[in-house]
Q: 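There's a structure below that I have some questions on.
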Amino acid sequence: MTQRDDFLKSQKIMRLATTKPDGRPHIVPVWYLYAAKKFYVGTNTKTVKARNVKKDKRVAFCIDIGVNSPDIFGVMGQGNADIILESSRVRKLAKKILYRYFDSLEEKSAVELLNDTDCIIEIIPEKLSVWKY
């Protein structure tokens, strides 16, 4: 596994950019899972990001840390996204995502998020850039 892949698996916040129907960008911080060279983001089909991906599969993203050299490292990329709607797959992936952020899925916030997640945005990166200072 590369330093890039280790980094992507260890970080917690991705900034995800989608395109609104009027062409303007929509950027939002999201929780994610990185596995098998893909990113997975749990959400609800009513969110702006999910609606945007339905209309335009092109996305961009950034995951980074640090504000002072030499501890600045990041990965940004572009790719295509799909919406996963099959309920058993959505629930399985949503649980994997939430386990990264909660000790237990019994916690009230975890239960609420799991119940609200009705789709997964699957991002297949086409271009990745790494930087460090």
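Index from 1, following the sequence.
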Q: Find out if a path of hydrophobic residues (ILVMFWY) with successive side-chain heavy-atom gaps under 4.5 Å connects Val41 to Met76.
A: no

Q: Within a radius of less than 6.0 Å around CG of Asn115, do more than 12 heavy atoms belonging to other residues, nucleotides or ligands occur?
A: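 Yes, enclosed.
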
Q: Assigning hydrophobic clusters by single linkage (Ile, Leu, Val, Met, Phe, Trp, Tyr; side-chain heavy-atom cutoff under 4.5 Å), is Ile124 placed with Val59?
A: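 Not linked; separate clusters.
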
Q: Can you tell if the side chain of Ile97 reaches within under 4.5 Å of the side chain of Ile120, non-hydrogen atoms only?
A: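 Ile97 reaches Ile120 side chain to side chain.
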
Q: Between Asn80 and Glu126, what is the shortest heavy-atom contact and its length?
A: ND2-OE2, 2.6 Å

Q: CG/Leu33 to NZ/Lys95 distance, rounded to the nearest 0.5 angstrom?
A: 14.5 Å

Q: For Glu106, I'd like to know if atom CD has over 12 heavy atoms of other residues, nucleotides or ligands within 6.0 Å.
A: no

Q: Please determine whether residues Val48 and Val53 belong to a single hydrophobic cluster, defined as Ile, Leu, Val, Met, Phe, Trp and Tyr linked transitively by side-chain heavy-atom distances below 4.5 Å.
A: no

Q: Can you name the closest pair of heavy atoms from Ala110 and Ser104 and give their distance?
A: CB-O, 3.9 Å

Q: Is any side-chain heavy atom of Lys127 closer than 4.5 Å to a side-chain heavy atom of Gln78?
A: yes

Q: Quick one: does Lys49's side chain have a donor or acceptor within less than 3.5 Å of a partner on His26's backbone?
A: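 Answer holds: no.
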
Q: OG1/Thr45 to NZ/Lys54 distance, rounded to the nearest 0.5 angstrom?
A: 5.5 Å

Q: Locate the shortest heavy-atom distance separating Tyr32 from Met14; write the atom from each residue and the value.
A: CD2-CB, 3.7 Å

Q: Can you tell me if Tyr34 uses its side chain to pair, donor with acceptor, with the backbone of Gln11 under 3.5 Å?
A: no

Q: Looking only at heavy atoms, which two atoms of Gly66 and Ile72 are closest? And how far apart?
A: C-CG1, 3.9 Å

Q: Taking salt bridge (Lys or Arg N to Asp or Glu O under 4.0 Å) as the test, write out the residues that go with Arg4, two or more places apart.
A: none

Q: Where is the tightest heavy-atom contact between Leu128 and Gly77, given as atom of each residue plus distance?
A: CD2-CA, 4.1 Å

Q: Hey, does Gln3 have a side-chain heavy atom less than 4.5 Å from the side chain of Val130?
A: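 They are not in contact (no side-chain heavy atoms under 4.5 Å apart), so the answer is no.
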
Q: Which residue in the set Leu114, Thr117, Val111 passes side chain to side chain contact (heavy atoms under 4.5 Å, CB included) when paired with Leu98?
A: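 It is Leu114, the one option of Leu114, Thr117, Val111 that forms the side chain to side chain contact (heavy atoms under 4.5 Å, CB included) with Leu98.
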
Q: Phe61, Ile27: one ILVMFWY side-chain cluster at the under-4.5 Å cut-off?
A: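 The answer is no; the residues belong to distinct hydrophobic clusters.
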
Q: I'd like to know if the side chain of Arg100 and the backbone of Lys9 have a donor-acceptor N/O pair within less than 3.5 Å.
A: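 Answer holds: yes.
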
Q: Is there side-chain contact between Phe39 and Ile121, with at least one heavy-atom pair below 4.5 Å?
A: no

Q: Output the distance between atom OG1 (Thr19) and atom CG (Asn52), rounded to the nearest 0.5 Å.
A: 7.0 Å

Q: Return the set of residues passing salt bridge (Lys or Arg N to Asp or Glu O under 4.0 Å) with Arg15 (not counting sequence neighbours), or none when no residue passes.
A: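 If we apply the salt bridge (Lys or Arg N to Asp or Glu O under 4.0 Å) test to Arg15, skipping adjacent residues, the hits are Asp64.
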
Q: State, with a plain yes or no, whether a side-chain heavy atom of Thr43 is found less than 4.5 Å away from one of Val30.
A: no

Q: Please work out which of the three classes, parallel, tilted or perpendicular, describes the rings of Phe102 and Trp31, given edges at 30° and 60°.
A: perpendicular

Q: List, one per line, each side-chain donor-acceptor pair under 3.5 Å for residues 82-92, sequence neighbours excluded.
A:
residue, atom, partner, partner atom, Å
Asp82, OD1, Lys57, NZ, 2.6
Glu86, OE2, Ser88, OG, 2.4

Q: So, Asp22 and Lys20, do they make that salt bridge, N to O below 4.0 Å?
A: no

Q: Do the rings of Phe7 and Phe73 sit parallel, tilted or perpendicular, given the 30° and 60° boundaries?
A: perpendicular

